[in-house]
Amino acid sequence: MNGFRAILVRDIRLSLRQAGGAGAALAFMLAFLVLIPLAIGPDQATLSLLAPGLLWISLLLAVLLTTDRMFQQDYEDGTLDLFNAVTLPLELNCLAKALTHWLTVGLPLALISPLLGVLLNLEASMIAPLMLAMVPGSLALSLLASIGGAVTAGLRRGGLLVPLLVLPLYVPVLIFGFSASSGEASSSSSSSAYLVLLAVTLIAFVVQPWASAAALRAYFQ
Amino acid sequence: MRLIADNLACERNGREVFQGLSFSIPAGDYLELRGANGSGKSSLLRILAGLLPVAGGSLTLEGSDAGLPLNQCCHYSGHQDAVKSALTVRENMDFWATMYGGAAVEVALAEFSLEGLADHPAQILSAGQRRRLALTRLLLTPRPIWLLDEPATALDVTHQEKLVALAVSHLARGGMVVAATHGDWGLKPARQLLLGEA
Amino acid sequence: MQVLANPHRFQIISRVVLPWLWSFTVVAFMLGLYLALGASPPDYQQGETVRIMYVHVPAAWMALFIYVVMALASAIALIFRHPLADAAAKTAAPLGAVFCFLALATGSIWGKPMWGTWWAWDARLTSMFVLMLLYLGYMAVWRAFDDPHRAAGLARVVALVGVINIPIVKFSVAWWNTLHQPASIIKMAGPAVDPSMLWPLLVMALAYTLLFLALHLTAIMTEIAARKTRARVLKSVGGT
């Protein structure tokens, strides 16, 4: 457990000291939100209707775009080789990496983006359910994106491979996350959607360490 | 303790790099790997470190304590330094100390004359200093086998001699060293292995 | 299984089996198309357009079946390091993608007269669409790496993570579909399971499966040959 905590601390430190973390993700989100009314028109009613879904997509993209370098640095400077020699299993190592990403990018954005909904005329009553759903949802997003990050750890020109691999995995998260946050009149369906969202997050929690470690091991050769 | 390789074969990128390699290293011995580029020196070190799977034959460590897997009985020092520029020297060291389960950070820093730089960001280190920082990992926690790939790279004479002295005392304590090198770096090998021409 | 493990022996066996496989495929297609286009009755509602079903439904079945084959081969490669397993997975993917595209395209063509639209985001179409993306992603992994061995290691993981995702996507999209009722009532219950329609369907499915097996075996042999050539080239270059 010491090793797990050590990686969390180290990676959070690195994330705060280096570029490309929460700041970049937030900037991206703002840029994306600006483009929306430019594309679909500034009509307040339309924006209000589409706001929850668009906020989910902006969260999704911001998480996705900040994960492709997640494992790259460790692969390039030889840290990955050393991770094979320590007592902490590679799987827990990968889990720590994904959790770091969530703590530094996913979770802050999940808490901020519903507030940014004001830019899209989001109904005030929607802010709380959106935030509540985005917290576990962003964890699932970070976990799944880190699988893509592990697969592309050694690729310099990874480009669109990570989005292509990860977006199909995002489908369940988006479906249940959106349903859970819509707070519709059929509240029983949104609360059961919330439970399923938690289940999907748990599945991601279990699959991510195995999948990321297996992908990284392919790089040891 | 004894490291025994029997009929070892190595495959890299689908190409067979070497096969039928056998050797036996008793405690206290230094095996030097020589050979042209691409002959498999680095690959053999990676196999010993547990990073590369064995394509044929077997590798056994006799007498290892508590039946630890081979990769946890080695210190592997490859071409890369694994030093994070954004962290201080001490933060780099503390991290690896925790990961390896050792605590000899101050001692290790002192041995490689890095105490003065301990609280500076690793970014300001020169290539030689980074190399020394990478080598301090050898001292964080005792492990029986040292695997060194081109150990003298980037080191000045003083620190090269320092490394040799540390290796000698490691061997005296019953450890083993396997190093791949192009030239003489100061440590006398008990045996040499020439890889390449079959 | 172990008998097939040796690539050389696999090639010998395949060369014997393939002509028979192709013959059976042709026969199955002839029978299937006869049944589908001629002998089976038109639908009382849709008329002759229902016949697209005989091309569309087996294609969809194949798209799913082939992904499972791909995932199984990847699992075998991961666990047993069977030398041909990676080749089997790699070559199955383009075949699966083509069947998937065929299903989507014929489904779209069928949809226009039946529902009045080329596309609808109902549960099955959306799941098929995601399956297509999974195939494309898998194929992209193979292409992204110069070293085929590294690509193989990563492709295995991608295939297995994808196969876990397939049932999850199916479930979640079905849920989504029931929450957001489509604008028109889509009769996706499909055709009746009347024997006069079931048999042509099954025969066509058999024909598709035989076609896949024949193409797959051929592709694996090509892959083995390509590997041998590559190994020979590397060796002749000296390997330094």
Side-chain angles (χ1 to χ4, degrees), chain A residues 1-24 66 69-97 100-101 104 150 153-154 156 213-221, chain B residues 10-15 17 42-43 45-55 66 68-88 91-103 121-123 130-131 134 137-138 140-141 143 145-147 149:
Chain A
M1 271 309 116
N2 265 338
F4 191 82
R5 194 157 36 95
I7 295 184
L8 272 180
V9 168
R10 180 196 80 148
D11 281 352
I12 291 177
R13 239 180 223 158
L14 283 173
S15 168
L16 293 174
R17 292 184 196 173
Q18 291 170 334
T66 45
R69 280 199 64 82
M70 201 190 260
F71 290 101
Q72 235 171 37
Q73 208 191 54
D74 281 353
Y75 168 75
E76 282 169 5
D77 66 14
T79 310
L80 209 57
D81 284 347
L82 295 178
F83 279 148
N84 187 53
V86 298
T87 44
L88 187 75
L90 195 60
E91 284 77 5
L92 287 181
N93 197 319
C94 293
L95 184 61
K97 262 279 190 326
T100 308
H101 185 267
T104 54
R156 304 220 109 243
L216 290 178
R217 288 204 178 95
Y219 279 108
F220 279 148
Q221 295 163 295
Chain B
C10 166
E11 212 180 71
R12 208 158 180 179
N13 302 348
R15 191 174 49 90
V17 181
S42 298
S43 302
L45 283 176
R46 288 180 81 82
I47 287 181
L48 295 175
L51 289 167
L52 200 55
V54 164
L68 284 173
L70 188 54
N71 63 340
Q72 286 184 28
C73 295
C74 305
H75 270 306
Y76 173 71
S77 176
H79 293 293
Q80 295 148 311
D81 296 327
V83 167
K84 295 290 183 201
S85 304
L87 300 177
T88 66
E91 282 168 349
N92 270 290
M93 292 289 298
D94 283 339
F95 172 70
W96 287 114
T98 316
M99 297 304 291
Y100 276 107
Q123 196 175 27
R130 289 176 83 99
R131 190 82 189 127
R137 283 192 284 267
L138 293 169
L140 282 176
T141 179
R143 282 195 179 185
I145 308 171
W146 285 9
L147 304 168
D149 205 341

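Keep in mind it's a predicted model, so treat the numbers as computed, not measured. Worth knowing before you read on, the calculation uses all heavy atoms, side chains too, and leaves out hydrogens, waters and symmetry mates.
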### Query
Does the side-chain contact (heavy atoms from CB on, under 4.5 Å) test come out yes or no for A:Thr79 and B:Gln80, once each step is laid out?
CA-CA 8 Å; A:Thr79 310; B:Gln80 295 148 311; over 6 Å; no
#### Entry: Full working for side-chain contact (heavy atoms from CB on, under 4.5 Å) between B:His75 and A:Leu82
CA-CA 9 Å; B:His75 270 306; A:Leu82 295 178; over 6 Å; no
### Message
Determine whether B:Leu87 and A:Leu14 satisfy the following criterion, side-chain contact (heavy atoms from CB on, under 4.5 Å), listing intermediate values before the conclusion.
### Response
CA-CA 7 Å; B:Leu87 300 177; A:Leu14 283 173; 3.9 Å; yes
### Task
Output, in order, the C-alpha distance, side-chain angles, deciding distance and verdict of side-chain contact (heavy atoms from CB on, under 4.5 Å) for B:Lys84 and A:Arg13.
CA-CA 11 Å; B:Lys84 295 290 183 201; A:Arg13 239 180 223 158; over 6 Å; no
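B:Met99 and A:Ile7 get closest at one heavy-atom pair: CE-CD1, 3.7 Å. A:Gly78 and B:Ala82 get closest at one heavy-atom pair: C-CB, 3.9 Å. Residues A:Phe220 and B:Arg46 share a closest heavy-atom pair of O-NH2, 2.9 Å. Closest heavy-atom contact between B:Leu51 and A:Asp81: CD2-O, 3.6 Å.
Relative ring orientation between B:Trp96 and A:Phe83 is described as tilted, the plane-to-plane angle lying within the 30° to 60° band.
Take A:Arg5 and apply the salt bridge (charged side-chain N to carboxylate O under 4.0 Å, His left out) test, not counting sequence neighbours, and it matches no residue.
Only the backbone of B:Ala49 has a heavy atom closer than 4.5 Å to any heavy atom of chain A.
Counting heavy-atom pairs closer than 4.5 Å to chain B, the top-ranked of the candidates A:Glu76, A:Arg17, A:Gln73 is A:Arg17. For the options A:Thr87, A:Asn2, A:Leu88, heavy-atom pairs under 4.5 Å to chain B are most numerous at A:Thr87.
Within 6.0 Å of CD on A:Gln18 lie more than 12 heavy atoms contributed by other residues, nucleotides or ligands.
For the salt bridge (Lys or Arg N to Asp or Glu O under 4.0 Å) condition, the pairs that include at least one residue of residues 86-96 of chain A, sequence neighbours left out, are A:Glu91-A:Arg217.
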